[in-house]
K.L.:
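Can you keep this structure in mind? I'll have questions shortly.
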Protein chains: 4
Amino acid sequence: MTDTERRHHGNRHGRSEAARQAVLQAADDLLAEKGFAGVTMEGIAARAGVAKQTVYRWWSGKTAVLVDALVEDLAEDLTPPDHGRLALDLPAYLAQLAHVLSATDTGAVFKALIAQAQHDPAFGAGFRARYLDEQRRRDRLPLERAVARGELPAGIDVAAETDRLVGPLYYRVLVTDEPIGRDYTDRLAHDFLDRVLHERGPAAPG
Amino acid sequence: MTDTERRHHGNRHGRSEAARQAVLQAADDLLAEKGFAGVTMEGIAARAGVAKQTVYRWWSGKTAVLVDALVEDLAEDLTPPDHGRLALDLPAYLAQLAHVLSATDTGAVFKALIAQAQHDPAFGAGFRARYLDEQRRRDRLPLERAVARGELPAGIDVAAETDRLVGPLYYRVLVTDEPIGRDYTDRLAHDFLDRVLHERGPAAPG
Amino acid sequence: MTDTERRHHGNRHGRSEAARQAVLQAADDLLAEKGFAGVTMEGIAARAGVAKQTVYRWWSGKTAVLVDALVEDLAEDLTPPDHGRLALDLPAYLAQLAHVLSATDTGAVFKALIAQAQHDPAFGAGFRARYLDEQRRRDRLPLERAVARGELPAGIDVAAETDRLVGPLYYRVLVTDEPIGRDYTDRLAHDFLDRVLHERGPAAPG
Amino acid sequence: MTDTERRHHGNRHGRSEAARQAVLQAADDLLAEKGFAGVTMEGIAARAGVAKQTVYRWWSGKTAVLVDALVEDLAEDLTPPDHGRLALDLPAYLAQLAHVLSATDTGAVFKALIAQAQHDPAFGAGFRARYLDEQRRRDRLPLERAVARGELPAGIDVAAETDRLVGPLYYRVLVTDEPIGRDYTDRLAHDFLDRVLHERGPAAPG
DNA sequence: ATATAACCGAGACGGTACGTCCAGTCTTAAT
DNA sequence: ATTAAGACTGGACGTACCGTCTCGGTTATAT
């Protein structure tokens, strides 16, 4: 470090935004490069060019850093589409969700944090309150909009139906680690639409 | 160490079964008591009354110990029932699965290992090959038996349908951490039976 | 850890002198109490009330600690006397040297390190450069002063003569482990003086 | 090790001489190749193609093995010459001693054991009783023979004089690690002969 | 302008656990 | 009776991070 460039050394206005960004980026990079175990507070600080204490001043641990890193990325990556028709929105959103979870860095961070939630229930509670509940609201948006538009009956249990739509996706991502093709999500969406439409018709002939 | 009691000190027959059992039990107990972070190789050895090297001789790390502990426990905890009728077997199995996953020590070990599979892909591959594939076969048993009995059409995609039945359960356990009541699993089973029966036209006229 | 006492926890001034002293003292004590095999890095750290990493931060191993402990002790224990007459200085110094080597804790540390120099040539080279060369200079001081005063002929081979004076002492200490009495060192000194005085012919007529 | 060759697996006739030789050779080799720290009981057993327990059955530790290895080699390497004249025997023996100590594998083993004697006083006592005393007798042989022949006065203190002759050699080997040339040993011998001859003559003219 | 407060870097500290190596003991089956 | 094989307890090794602490320096604001 022989550079003579001017660097931030603190001020009384509050935290250094540059340091904050560098830390989040470093955590993201380390996770992508070396996996969750390769993310350490010391490693984050070193790669961000920041003192370890600076990281600890603002975050309680590496998972807290990753949560912040995730929050920045995820809202934009996972905005449900809104074409005005459930038959378009639902398959599109399921495909988008499957892709993000299984094939992006954001998904990797997400999986790591879901994993940490199993290992550390206290973290899990905070993570769910802070982040996951918001994600569930996003997951429900397509159905809720359809209800508002009258496409779906008002009495439908949106939360339960959403579980059945996204549940298999998370299951494949987290448990079986199988690839999720477009056909898989399309069939999921199609069968759902089929069922809810027939249910309110003259379903059972007997 | 002046005790004269007889203890196992190794012999050419191979490993000590007593040590093996003690290690698995210790790992199980530690996970239940102190969580995943509280399980350490040193802690396992100490609680099992065994030298650390003995644990390392047979397992590569704490997750390997937990996998073995899980394998022993899980086969008996999760035997799918076989009453000969899918309408009985399916709800019973889903309820059993939900209970084991969310409310038993075995479930806690399972969640910890699924979590570790996210953190460590190499472990994940081994864990899935060694254990999860077997578990998926168990999950599919109710439907497969029903197909064999002729209760379900032979052309049904058992794997995909199983995903839709158990996916929401794993999702609730791993992601949302919400309690899963008997009504939840019953509705899952009921809706599935409803759908597959109607799909094949006016199947059972009564 | 609810104590509120003030302790050193590191600062940017560099290392803790208290920790350094505690480590050297602990190493010294352990060697005296339990012998060389009883000196371990873990033991040193534990007895010094210091983290193991702190010892490793500043020393590469137990022998390095002992070298530092020795350097502190030895300069004062082995200051050659300077009465201005070789006939006084030489027997006094040889007796002092024999005593320190064979009957003090400092001597025990010295012997342990000489031993380690046999076992580990790389350590030996460093030890000799760092410490032994200085000790040899001390050993030569009585003769060199005598030459400077004109008591001894300028052409005398001080290094070789010193070898012959101290060599038998080290030999007895390291090899035969026999006690060295005052008569032994006095005869060594006396015979040396006798020889060098006669060598130059009718030297001191007066 | 898939060989099916016949190997010794014990018998009721007593210890295996082949195993004994293999162990001693293995210890010697390991010391020469990897230094004292590289000699371990497990390593000896492995290299000798012998079970660890077999080594422990006959030796108490690696130093005991090395002592046995040394005893076999040393008697022949260090036999004092006997030409019937001290002026020939003494310089020859000193040169031989210096060479063995500083430039042979036997000398390396010897130095390692002298070192261990510093670290472990109990071993030191045994080593000196078992081996070193015999070596000291060998060291004194040239002078004792000269006394018997009348070359030296009967009243001479052979032990003390031997200390002064070999002490500087051991000192250089163990402490300073300087090379010992033939001139060094010759001067040692010459000066000794000079002194003891003049002492009994009309030494001090005054 | 000058202090002062909030932040920054650097890095030493007490700890815990890691995974490895070797010591020395014990048991067994084969010779 | 001795051997090879090898599992066992136990302890130290040297390393990696943890989370805490202290210090000296930087800089905008409040005096």
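Below, chains carry the letters A, B, ... as their sequence lines are ordered, and counting in each starts from 1. Just so you know, these numbers come straight off a predicted model, no measurement behind them.
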K.L.:
Just how far is it from atom CG of A/L66 to atom CG of A/D28, taken to the nearest 0.5 Å?
P.N.:
7.5 Å
K.L.:
Can you pull out the residues from residues 51-62 of chain C that lie within a 4.0 Å heavy-atom distance of DNA chain F?
P.N.:
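Result for residues 51-62 of chain C: C/K52, C/Q53, C/Y56, sorted by number.
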K.L.:
By nearest heavy atom, map A/A48 and C/A19 onto DNA chain E; which one lands nearer the 5' end?
P.N.:
A/A48
K.L.:
How far does CD1 of A/I44 sit from OG1 of A/T54, to the nearest 0.5 angstrom?
P.N.:
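Reported value, rounded in 0.5 Å steps: 13.0 Å.
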K.L.:
Where do D/A19 and D/V50 come nearest, in terms of heavy atoms and distance?
P.N.:
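Distance-wise, the nearest heavy atoms are CB-CG2, 4.0 Å.
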K.L.:
Can you tell me how far CG of A/L113 sits from CD of B/Q118, rounded to the nearest 0.5 angstrom?
P.N.:
11.0 Å
K.L.:
Kindly state each residue pair satisfying salt bridge (Lys or Arg N to Asp or Glu O under 4.0 Å) with at least one member in residues 112-129 of chain B, sequence neighbours excluded.
P.N.:
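Residue pairs with at least one partner in residues 112-129 of chain B: A/D177-B/R128.
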K.L.:
Of the residues in residues 64-72 of chain B, which ones touch DNA chain E at a heavy-atom distance under 4.0 Å?
P.N.:
none
K.L.:
Write down the distance between CZ (C/R15) and C1' (F/dC21), rounded to a whole number of angstrom.
P.N.:
19 Å
K.L.:
Let's go through C/E17 and C/Q21 carefully: what are the C-alpha distance in whole Å and the side-chain angles of both, what is the deciding distance for side-chain hydrogen bond (donor to acceptor under 3.5 Å, both in side chains) to 0.1 Å, and is it a yes or a no?
P.N.:
CA-CA 6 Å; C/E17 177 62 18; C/Q21 290 294 346; 2.9 Å; yes
K.L.:
Under the salt bridge (Lys or Arg N to Asp or Glu O under 4.0 Å) rule, what pairs show up with a residue in residues 43-55 of chain A, not counting sequence neighbours?
P.N.:
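Qualifying pairs: A/D29-A/R47, A/E33-A/R47, A/E42-A/K52.
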K.L.:
List the atom pairs, donor and acceptor, that lie under 3.5 Å between side-chain atoms in residues 57-65 of chain A and the rest of the protein, sequence neighbours left out.
P.N.:
{"residue": "A/W59", "atom": "NE1", "partner": "A/D68", "partner atom": "OD2", "Å": "2.9"}
{"residue": "A/K62", "atom": "NZ", "partner": "A/F36", "partner atom": "O", "Å": "3.0"}
{"residue": "A/K62", "atom": "NZ", "partner": "A/V39", "partner atom": "O", "Å": "3.0"}

K.L.:
Could you list by number each residue of residues 21-42 of chain C showing a heavy-atom separation from DNA chain F of less than 4.0 Å, or answer none if no residue does?
P.N.:
C/T40, C/M41, C/E42
K.L.:
I need the C/D105 CG to C/D73 CG distance, nearest 0.5 Å.
P.N.:
8.5 Å
K.L.:
Is there a side-chain contact between B/H119 and A/H119 in this structure, where contact means two heavy atoms from C-beta onward sitting under 4.5 Å apart?
P.N.:
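B/H119 vs A/H119: side chains touch.
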